[in-house]
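In what follows, a single structure is set out as structure tokens and then discussed.
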Amino acid sequence: TMALCLKQVFNKDKTFRPRKKFEPGTQRFELYKKAQASLKSGLDLKAVVQLPPGESINDWIAVHVVDFFNRINLIYGTMSEYCTERSCPIMSGGLKYEYRWQDDSKYKKPTKLSAPQYMCMLMDWIEMLINNEDIFPTRIGVPFPRQFQQVCTKILTRLFRVFVHVYIHHFDSIINMGAEAHVNTCYKHFYYFIREFSLIDHRELEPL
């Protein structure tokens, strides 16, 4: 029933971006299935995030980064009608935190954006990275680049800001949609994962 309920809450059409899928038959697909099975078995989330014996840490991180991207993307997609230029002219987490956008192409300096603009830039940027074979190699035997975990830290740090914004500015909408249990579980899973592998600077976590 939980799945059915989520289908109604998280309408497929509202996904912000097409889902990134794992190729069946690949090592990463098997890891993804293993992670999902643990999640569904009702195991403690702290245990679920631990690296399975004998698995590569980079593969495990890659699987989770892609999965969190898909799920947070879906959460924001359902919220996006409540997050507008008018309601959220600044990408923020309450009065104390403002997030500016910076990338290597259009925005060389940290730039003030509205929350919907920031989200759009963020999802495009992550999608570009996870589809880049030089950063997220999918072929067997192709190694991860040296800076792989740094890139993942940057992705996860920015994805964390989506939770900050949604929780602080749109939680009433989540409750009205009956989605708070799902969002809370997703957030806990994300939080335990980043803590398990020390992937985000603890100062970034302060808003929540």
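The CG atom of L156 sits 8.0 Å away from the CD1 atom of I72 when rounded to the nearest 0.5 Å. Taking NE2 from H64 and SG from C152, the interatomic distance works out to 12.0 Å, rounded to the nearest 0.5 Å. One distance of note links CG of D124 with CG of L129; it measures 11.0 Å at 0.5 Å rounding. In this structure, the separation between CD1 on I130 and CH2 on W125 is 11.0 Å, given to the nearest 0.5 Å. To the nearest 0.5 Å, atoms CE (M79) and CG (L74) are separated by 12.0 Å. Separation of atoms CD1 (I61) and CG (L51) is listed at 8.5 Å; rounding is to 0.5 Å.
Taking the six-membered ring for Trp and the full ring otherwise, the centers of F136 and F148 sit less than 6.0 Å from each other. Y187 has its ring centre less than 6.0 Å from the ring centre of Y167. Between Y82 and H170, the ring centre distance reaches or exceeds 6.0 Å. Aromatic pair F68/F193: centroids less than 6.0 angstrom apart.
Residues W60 and V49 share a closest heavy-atom pair of NE1-O, 2.9 Å. Residues G93 and Y99 share a closest heavy-atom pair of N-CE1, 4.3 Å. When all heavy atoms are compared, the tightest approach of E206 to Y97 is CB-OH, 3.5 Å. Across all their heavy atoms, S80 and G77 have their closest contact at OG-O, 2.8 Å. In terms of heavy-atom proximity, I168 sits nearest to P207 at CD1-O, 4.0 Å. In plain terms, the two heavy atoms of Y191 and R195 that are nearest each other are OH-NH1, 2.7 Å.
Between the side chain of N176 and the main chain of D172, a donor-acceptor pair closer than 3.5 Å is present. Side-chain atoms of N184 come within 3.5 Å of backbone atoms of E180 as a donor-acceptor pair (strictly under, hydrogens ignored). The closest donor-acceptor contact from the side chain of E204 to the backbone of F160 lies at 3.5 Å or more, if one exists at all. The closest donor-acceptor contact from the side chain of Q102 to the backbone of K108 lies under 3.5 Å. Between the H165 side chain and the S92 main chain, a donor and an acceptor come within less than 3.5 Å of each other. Under the 3.5 Å distance criterion, the side-chain polar atoms of H169 are matched with a main-chain donor or acceptor of G94. Judged by distance alone, the side chain of T153 and the main-chain N or O of I200 form no donor-acceptor pair under 3.5 Å.
The shortest distance between side-chain heavy atoms of F144 and Q149 does not fall below 4.5 Å. Side-chain contact between F69 and I155 is absent, with no heavy atoms from C-beta onward closer than 4.5 Å. Looking only at side-chain heavy atoms (C-beta outward), C186 and I75 come within less than 4.5 Å of each other.
Residues H189 and R71 bring a donor and an acceptor atom of their side chains to less than 3.5 Å of each other. Side-chain N/O atoms of D103 and W101 include a donor and acceptor closer than 3.5 Å.
Every residue two or more places apart in sequence or in another chain was checked for a side chain to side chain donor-acceptor pair (under 3.5 Å) with R158, and none qualifies.
When hydrophobic clusters are built by joining Ile, Leu, Val, Met, Phe, Trp and Tyr residues whose side-chain heavy atoms come closer than 4.5 Å, directly or via intermediates, L208 is grouped together with M91. Residues I90 and V162 do not share a hydrophobic cluster, clusters being chains of Ile/Leu/Val/Met/Phe/Trp/Tyr side chains in contact below 4.5 Å.
In this structure, R203 pairs ionically with D201, as a charged nitrogen and a carboxylate oxygen lie closer than 4.0 Å.
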Identify all side-chain donor-acceptor contacts of residues 111-118 below 3.5 Å with residues at least two apart in sequence or on another chain.
residue : atom : partner : partner atom : Å
T111    : OG1  : K109    : O            : 2.7
S114    : OG   : E85     : OE1          : 3.1
S114    : OG   : E85     : OE2          : 3.1
S114    : OG   : Q117    : N            : 3.3
S114    : OG   : Q117    : OE1          : 3.2
Q117    : OE1  : S114    : N            : 3.0
Y118    : OH   : R161    : NH1          : 3.0

